A.B. asks: 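Before I ask anything, here is the structure I am working with.
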Number of protein chains: 2
Amino acid sequence: MPIRVNDQIIHKAAWLYYTHGLRQDEVARRLEISRASIAMYLRRAREMGIVTITTSSELFSSDVLARELEDATGLTTAWIVPEDRQAMNPAAEVPEVAASVFLELINKGDRIGVAWGRTVYHIADVMPFADLKGVTVVQLCGNLGAPYSYRPDQCTTEIARRLNAEGVNIYAPLVLSSERLAEELRAEPVIREQLATISDCRLSLYSVGGIEDDSHLVKCGALSADEMHAMGERGAAGVIAGQIIDHNGQWMDCAHNRRCISADLNSIRAIRKRMLVVQEENKFEPLLAALKGGFASHLVVTASMARRIMDRWSRDGLGRSAPAKP
Amino acid sequence: MPIRVNDQIIHKAAWLYYTHGLRQDEVARRLEISRASIAMYLRRAREMGIVTITTSSELFSSDVLARELEDATGLTTAWIVPEDRQAMNPAAEVPEVAASVFLELINKGDRIGVAWGRTVYHIADVMPFADLKGVTVVQLCGNLGAPYSYRPDQCTTEIARRLNAEGVNIYAPLVLSSERLAEELRAEPVIREQLATISDCRLSLYSVGGIEDDSHLVKCGALSADEMHAMGERGAAGVIAGQIIDHNGQWMDCAHNRRCISADLNSIRAIRKRMLVVQEENKFEPLLAALKGGFASHLVVTASMARRIMDRWSRDGLGRSAPAKP
DNA sequence: GCGCCTCGTTGACTTTTGTCAGCATTGATG
DNA sequence: CATCAATGCTGACAAAAGTCAACGAGGCGC
């Protein structure tokens with residue numbers, strides 16, 4: 001673009017305005033020209049690269065990555081836990097960040113849905129204490145009777161305790177032995193009401209489970225390793241609130257899911273602030289599925305995971321929902 | 001440093017505003033806070049260097065006088081700060097131009113030598129923020145213990161901070177009380193190594209000091225006014241990196257210089273890009289000496305100073321030293 | 001627990017900037 | 001020499017950004 005009116009004057013205007021911080025009318029007076037022209041010169045200066053506006057990338061690399069991730073995936077906000085230069089497991093910091101962020105996302109009077117898992121429990125464990133009277137923490141999925149370290153109701157209760165909020169547990173098992181029973185239980189007024197209020201939540205917190213043999217559902221005995229394996233063959237990609245989702249984040253029509261007492265996935269999607277937290281590096285595929293399924297508006301991950309998402313997202317040519325550059 | 005949840009929002013605002021070109025009210029809506037806060041965040045982002053606005057310094061090198069000066073003196077590039085018709089002290093703009101030029105001269109991975117003085121400090125003070133990881137800023141001369149506003153290490157540190165580069169200070173005084181001690185200190189491995197790396201610099205920044213009673217060295221107590229006066233009688237013309245040079249820019253064999261811990265003048269001359277900046281009009285003679293001594297490949301001066309150099313240079317029949325323009 | 005201070009936030013107001021139609025100048029063309 | 005097109009400049013208005021007093025939530029010492 002060889003549009004050069006008289007770039008000397010453009011340089012001069014740009015210098016006075018940007019470097020010296022004069023106002024446009026001052027520049028105009030000094031250059032003895034109308035202010036409108038100055039405004040035009042300055043636009044040209046920007047277009048021509050005489051002035052450059054940059055946001056630091058090295059210094060705030062994790063922030064930049066976060067912004068790029070948001071732009072690519074349409075997340076409202078992403079928090080990236082940087083790989084610390086000196087060792088120290090970055091994944092270990094994820095719950096800390098998540099807890100801190102989570103707290104900030106809570107508003108007065110909110111109803112908050114909390115799911116279940118190792119990550120969620122860790123977050124509960126480092127959740128700062130607060131005084132959030134009027135806030136209600138509801139359990140997003142049924143309980144696992146099995147004696148396992150991180151029970152759904154524990155997560156809910158612990159978080160509610162720390163926030164000094166009201167905790168509401170679901171008094172039902174996560175998985176029942178027959179579909180019929182599950183259906184009947186879901187129809188019970190107590191349970192039904194509870195599940196119905198989930199879409200009223202303004203914030204939810206969960207991680208996404210994997211479908212490996214060491215996945216939660218398998219470890220807790222909700223599914224056998226073989227069954228899980230078979231699900232994998234049929235296209236399962238991850239677990240959200242106890243329910244299995246496919247690679248596009250859609251509910252899978254399978255025996256397990258039909259036997260589950262848990263939040264309807266569409267209810268979860270209806271929650272405005274859906275905070276997804278992923279610690280483990282091996283949860284990449286489940287995470288991807290959860291993102292595609294619209295289960296996250298807010299995300300906390302490690303930098304390496306963020307980069308992997310970025311890579312895959314662009315490779316697969318998945319659109320961006322972010323605003324275009326003018 | 002704790003987890004920066006607060007800076008996050010500033011960065012995000014800056015990103016949306018500057019990178020995406022959203023308007024403040026759009027950013028405000030997206031971040032769900034008032035536009036007034038966004039305006040404040042953006043100011044902070046600029047102050048903190050999260051965003052940097054830089055202006056090309058071409059304006060100052062496109063002057064005819066600059067070309068003439070380069071031709072006459074053999075400088076690689078000269079930047080001339082014009083005397084503005086309407087007021088505004090041109091000398092005051094010198095540091096701005098210098099900072100801008102300096103930034104443009106830096107390449108990735110460079111080692112940069114920074115000397116000391118009022119001018120250098122002023123430059124540091126208006127240096128734009130940048131992201132120059134891999135760049136190292138080294139101090140060219142020892143420190144002055146005296147409580148004076150502009151200490152050598154401050155110059156180095158501030159510039160390094162702004163560039164997000166590594167700063168390397170010399171932990172030694174500029175002047176010692178005896179030659180013997182200076183010699184011994186110079187021989188110390190730590191100091192010796194540091195001084196030895198100076199010729200590896202690819203860029204250096206300094207001004208030239210005067211030898212009047214109000215000169216830096218005198219004001220800081222490194223030399224008494226009388227001593228300085230005596231040096232003047234003996235042919236001293238200026239000060240480079242704490243050391244006194246004669247009218248030809250040669251190192252003077254004097255007690256002061258022998259007591260100095262500072263970059264060897266030949267090391268400085270070995271640096272390819274030697275940026276000399278002179279603000280004060282009364283530094284004409286020192287400047288001339290510095291030029292003759294080969295201490296500048298890049299020069300930033302006011303127009304009147306440039307003209308004075310031109311006059312004197314032609315009067316003395318000094319040809320252009322070396323046509324070597326790399 | 002209570003006042004006191006600090007700091008972040010906001011709505012309302014002011015100032016600054018962006019825009020665009022229309023005018024002026026230049027220079028090329030018939 | 002008139003005409004036309006292209007370009008730059010300006011005034012007036014609309015839009016956006018800056019500012020500030022006042023408010024309120026947290027933290028701290030008494």
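Letters A, B, ... mirror the listed sequences (proteins, then strands); counts begin at 1. Since we're looking at a predicted model, the values are computed, not measured.
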A.B. asks: Under 3.5 Å, is there a donor-acceptor pair linking the side chains of Arg111(A) and Thr197(A)?
C.D. replies: yes
A.B. asks: Anything under 3.5 Å between a protein N or O and an N or O of nucleotides 17-20 of chain D, put it in a table, one pair a line.
C.D. replies:
from, atom 1, to, atom 2, distance (Å)
dA17(D), OP1, Tyr17(B), OH, 2.7
dA17(D), OP2, Gln24(B), N, 2.8
dG18(D), OP2, Gln24(B), NE2, 2.6
dG18(D), N7, Arg35(B), NH2, 3.2
dG18(D), O6, Arg35(B), NH2, 2.7

A.B. asks: Can you tell me the distance, in whole Å, between the CZ atom of Arg29(B) and the P atom of dT10(C)?
C.D. replies: 15 Å
A.B. asks: Among residues two or more places apart or on two chains, list those pairs meeting ring pair (Phe, Tyr, Trp, His ring centres under 6.0 Å) that have a residue in residues 24-57 of chain B.
C.D. replies: none
A.B. asks: Atom CG of Leu31(A) and atom P of dT10(D): how far apart are they, to the nearest Å?
C.D. replies: 11 Å
A.B. asks: Take the protein atom CD of Glu26(A) and the nucleotide atom P of dT16(C), then report the distance between them rounded to whole Å.
C.D. replies: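 My rounded result for the distance is 8 Å.
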A.B. asks: Report the distance from atom CD1 of Ile33(A) to atom P of dT25(C), rounded to the nearest whole Å.
C.D. replies: 15 Å
A.B. asks: Once you round it to whole Å, what is the distance between P of dT10(C) and CD of Glu32(B)?
C.D. replies: 11 Å
A.B. asks: Relative to each other, are the rings of Phe60(B) and Trp15(A) parallel, tilted or perpendicular (30° and 60° limits)?
C.D. replies: perpendicular
A.B. asks: Looking at dG8(C), I'd like to know if its phosphate oxygens (OP1 or OP2) sit under 4.0 Å from a side-chain N or O belonging to Tyr41(B).
C.D. replies: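 The answer is no; no side-chain N or O of Tyr41(B) sits under 4.0 Å from OP1 or OP2.
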A.B. asks: Cut-off 3.5 Å, side chains only: do Thr302(B) and Glu281(B) have a donor facing an acceptor?
C.D. replies: yes
A.B. asks: Counting only side-chain N and O atoms of Ser34(A), is one of them less than 4.0 Å from OP1 or OP2 of dC9(D)?
C.D. replies: no
A.B. asks: Do the charged groups of Glu47(B) and Arg44(B) touch, with an N to O distance under 4.0 Å?
C.D. replies: no
A.B. asks: So, are Arg30(B) and Glu26(B) salt-bridged, with charged N and O less than 4.0 Å apart?
C.D. replies: no
